Amino acid sequence: MDEVADVVIEAGRIARIGRDAAAGLSGEKIRVLDVAGRWVVPGFVDLHAHFREPGYEYKEDVASGLRAAAAGGFTGVCVMPNTKPINDTRAITEMMMARGRAAAGPRLYPFAAATVGSAGEQLTEMADLRDAGAIGVSDDGKCLMNAAVMRAALEYARTFDMLFSQHCEDHDLTAGAQMHEGHVSTRLGLQGWPRAAEDVIVARDLILAELTGARYHVAHVSSLGAVRLLREAKSRGLAVSAEVTPHHLLLTHDALIGFDTACKVNPPLREPEDIAALREALRDGTIDCIATDHAPHSPLEKQCEFAAASPGMIGLEPAVPLLLDLVRDGLLSPMRLVEALSTKPARLGKLEGGTLKAGSVADLAVIDPERRWTISQASLSSRSSNTPFLNKEVRGKAILTMVAGQIVYES
Ligand SMILES: [Zn+2]
């Protein structure tokens with residue numbers, strides 16, 4: 001819906017929504033939040049973030065990650081298993097769930113590893129991991145390269161109704177790669193990561209997804225070839241899905257010209273024709289949703305020579321203003337933006353929230369599209385500030401975030 005309305009919340013749920021839905025309500029127990037002129041949206045749900053706990057808490061832990069999520073308007077975050085140790089056992093999933101509950105903020109949904117140690121050889125105990133709270137499986141950071149293991153993993157994921165999120169990268173084609181393979185990598189003398197490394201895995205996986213009927217999801221799609229393959233698969237009715245990050249929608253490999261390690265990401269920033277294909281695919285639904293791939297790193301991993309720098313940038317807090325730039329430029333409608341950040345990812349993960357329908361859980365955010373603020377170490381709730389947008393003034397901010405009717409962030 002796109003209208004001026006009241007939202008009535010009772011006992012953690014949306015009781016009524018509509019013009020004058022709150023008319024006549026009064027009493028001491030009622031709290032009124034006047035958010036005239038702002039957008040009340042279903043809380044955002046991120047299908048792809050890295051919270052670094054256990055193992056690298058100096059970059060981010062579950063509590064700081066969830067604070068960053070709340071400050072970005074997110075009410076649910078799926079966290080990838082490439083922690084240390086890797087989340088491939090019930091004990092680690094349970095520990096993450098407990099940390100998430102203790103933080104009493106946005107909901108935490110772990111992805112467990114698909115293979116033991118994400119080594120791509122032996123499947124994890126998916127039933128056990130699901131019972132402990134994992135909503136899907138992924139070896140993110142690495143691609144599951146062996147097609148026979150991949151087929152078995154998809155069959156297991158289907159049996160236990162878990163989403164399989166694949167980091168699509170043929171590692172043989174990207175050995176030593178530092179950035180997108182193109183004229184900029186040639187000019188800088190850096191080893192290139194060709195689009196083909198993404199495309200061949202997406203092509204193979206779509207065939208295996210069709211074979212197994214699994215809920216297959218392409219993480220952080222970045223190439224025009226992958227978009228083409230997804231469009232073809234979806235046109236035949238395959239139940240596959242994909243996400244795109246804000247940075248792949250906004251930046252090209254030109255951002256690397258100054259060797260800015262903040263722009264080193266995996267998959268890499270590509271070319272204008274890729275951006276055009278990604279934006280078009282997001283508009284028409286070929287790409288289902290936006291995920292941040294929030295990847296916090298400390299100066300230790302980023303203030304160093306380019307080849308030694310770790311890939312990734314933070315994404316939870318910059319997402320709203322960066323994506324609103326696309327709306328302001330007329331490249332994305334506000335309704336599609338909200339759908340791609342909330343309704344779609346919630347549905348793909350089979351998670352709570354993603355809607356403001358009466359009776360649903362009261363997970364929502366209030367966005368002020370005009371609020372000006374500066375992305376800075378001081379303004380970020382995340383423990384890390386590795387983003388090329390650091391110290392930039394931006395427009396648009398989540399000013400209130402609510403989970404199950406409880407305010408978890410306000411500014
Ligand atoms: Zn990845």
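As the structure is a computational prediction, the values presented were derived from the model and not from experiment.
- Pairs engaging residues 275-313 under the ring pair (Phe, Tyr, Trp, His ring centres under 6.0 Å) rule: none recorded [sequence neighbours left out].
- Pairing each heavy atom of Ser381 with each of Glu317, the nearest pair is N-OE2, 2.7 Å.
- There is no side-chain donor-acceptor pair under 3.5 Å between Thr245 and Asp293.
- Side chain to side chain, Glu169 and Thr174 meet the donor-acceptor criterion of an N or O pair below 3.5 Å.
- Across all their heavy atoms, Ala132 and Arg90 have their closest contact at CB-CG, 3.7 Å.
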Test side-chain hydrogen bond (donor to acceptor under 3.5 Å, both in side chains) applied to Asn391 and Ser376, step by step: CA-CA 5 Å; Asn391 300 320; Ser376 69; 5.2 Å; no
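- Donor-acceptor pairing under 3.5 Å is recorded for the side chains of Asn87 and Thr93.
- Legend: ring pair (Phe, Tyr, Trp, His ring centres under 6.0 Å) pairs involving residues 335-381, not counting sequence neighbours: none detected.
- Residue pairs meeting the ring pair (Phe, Tyr, Trp, His ring centres under 6.0 Å) criterion with at least one member in residues 248-293, sequence neighbours excluded: His180-His253, His183-His253.
- Contact record, Val137 with Phe111: N-CD2, 3.4 Å, taken as the closest heavy-atom pair.
- Ion pair Arg107/Glu352 flagged as a salt bridge, since at least one NZ, NE, NH1 or NH2 atom sits closer than 4.0 Å to an Asp/Glu carboxylate oxygen.
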Asp61/Arg383 under salt bridge (charged side-chain N to carboxylate O under 4.0 Å, His left out): CA gap, chis, key distance, verdict: CA-CA 8 Å; Asp61 60 20; Arg383 192 160 287 165; 3.1 Å; yes
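- Among residues two or more places apart in sequence or in another chain, the salt bridge (Lys or Arg N to Asp or Glu O under 4.0 Å) test is passed with Arg195 by Glu271, Glu273, Asp274.
- Side-chain atoms of Thr115 and Asp139 include a donor-acceptor pair closer than 3.5 Å.
- In this view, Leu33 and Arg31, Leu400, Met402, Ile407 satisfy the side chain to side chain contact (heavy atoms under 4.5 Å, CB included) rule, not counting sequence neighbours.
- No side-chain donor-acceptor contact under 3.5 Å links Lys264 to the backbone of Gly312.
- Judged purely by distance below 3.5 Å, without hydrogens or angles, the side chains of Trp193 and Asn266 pair a donor atom with an acceptor atom.
- Inspection of the Glu198 and Ser222 side chains reveals an N or O donor paired with an N or O acceptor under 3.5 Å.
- The list of side-chain hydrogen bond (donor to acceptor under 3.5 Å, both in side chains) pairs with a residue in residues 326-336, not counting sequence neighbours, reads Asp325-Arg328, Arg336-Glu339.
- With respect to Arg158 and Glu155, no salt bridge is recorded, no charged nitrogen being found less than 4.0 Å from a carboxylate O.
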Test log, rule side-chain hydrogen bond (donor to acceptor under 3.5 Å, both in side chains), inputs Glu60 and Ser64: CA-CA 6 Å; Glu60 195 86 285; Ser64 68; 2.6 Å; yes
Criterion salt bridge (charged side-chain N to carboxylate O under 4.0 Å, His left out) on Arg38 and Asp368, from CA distance to verdict: CA-CA 5 Å; Arg38 276 70 175 262; Asp368 182 344; 3.5 Å; yes
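- Residue-environment remark: CD (Glu125) stays at or below the threshold of 12 foreign heavy atoms within 6.0 Å.
- Looking at Lys302, its side chain does come within 3.5 Å of a backbone N or O of Thr261 through a donor-acceptor pair.
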Derivation and outcome, side-chain contact (heavy atoms from CB on, under 4.5 Å), residues Leu341 and Val45: CA-CA 6 Å; Leu341 279 169; Val45 175; over 6 Å; no
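- The only member of Arg228, Arg231, Lys234, Glu232 that meets side chain to side chain donor-acceptor pair (under 3.5 Å) when paired with Thr286 is Arg231.
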Intermediate values then yes/no, side-chain contact (heavy atoms from CB on, under 4.5 Å), Leu324 and Leu337: CA-CA 8 Å; Leu324 281 175; Leu337 171 69; 4.1 Å; yes
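- Looking at residues two or more places apart in sequence or on another chain, you find no side chain to side chain donor-acceptor pair (under 3.5 Å) involving Thr343.
- The main-chain N or O of Leu144 is found under 3.5 Å from a side-chain atom of Gln166 such that the two form a donor-acceptor pair.
- Taking the side chain to side chain contact (heavy atoms under 4.5 Å, CB included) definition, one finds that Ala295 meets it with His50, Arg52, sequence neighbours left out.
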Worked check of side-chain contact (heavy atoms from CB on, under 4.5 Å) between Val338 and Ile367: CA-CA 11 Å; Val338 171; Ile367 306 297; over 6 Å; no
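- Using bins of under 30°, 30° to 60° and over 60° for the plane-to-plane angle, the ring pair His167/His171 lands in the parallel bin.
- Residues that satisfy the side chain to side chain contact (heavy atoms under 4.5 Å, CB included) test with Glu210, not counting sequence neighbours, are Arg236, Leu238.
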Could you give the side-chain donor-acceptor pairs of residues 67-81 under 3.5 Å, partners two or more places apart or in another chain?
none

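- Taking the side chain to side chain contact (heavy atoms under 4.5 Å, CB included) definition, one finds that Arg215 meets it with Asp161, Leu163, Lys350, sequence neighbours left out.
- For the 3.5 Å distance criterion, the side chains of Glu243 and His48 qualify, holding a donor opposite an acceptor.
- Side-chain polar atoms of Ser241 and His217 form a donor-acceptor pair below 3.5 angstrom.
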Salt bridge (charged side-chain N to carboxylate O under 4.0 Å, His left out) evaluation trace for Arg19 with Glu3: CA-CA 8 Å; Arg19 188 173 281 273; Glu3 60 186 70; 5.7 Å; no
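- Under the side chain to side chain donor-acceptor pair (under 3.5 Å) criterion, Tyr109 pairs with no residue at all, not counting sequence neighbours.
- One side chain, Glu301 or Ser298, offers a donor N or O that lies under 3.5 Å from an acceptor on the other.
- Atom CG of Asp363 sits about 9.0 Å away from atom CZ of Arg13, to the nearest 0.5 Å.
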side-chain hydrogen bond (donor to acceptor under 3.5 Å, both in side chains) assessment of Thr124 paired with Asp88: CA-CA 6 Å; Thr124 52; Asp88 59 3; over 6 Å; no
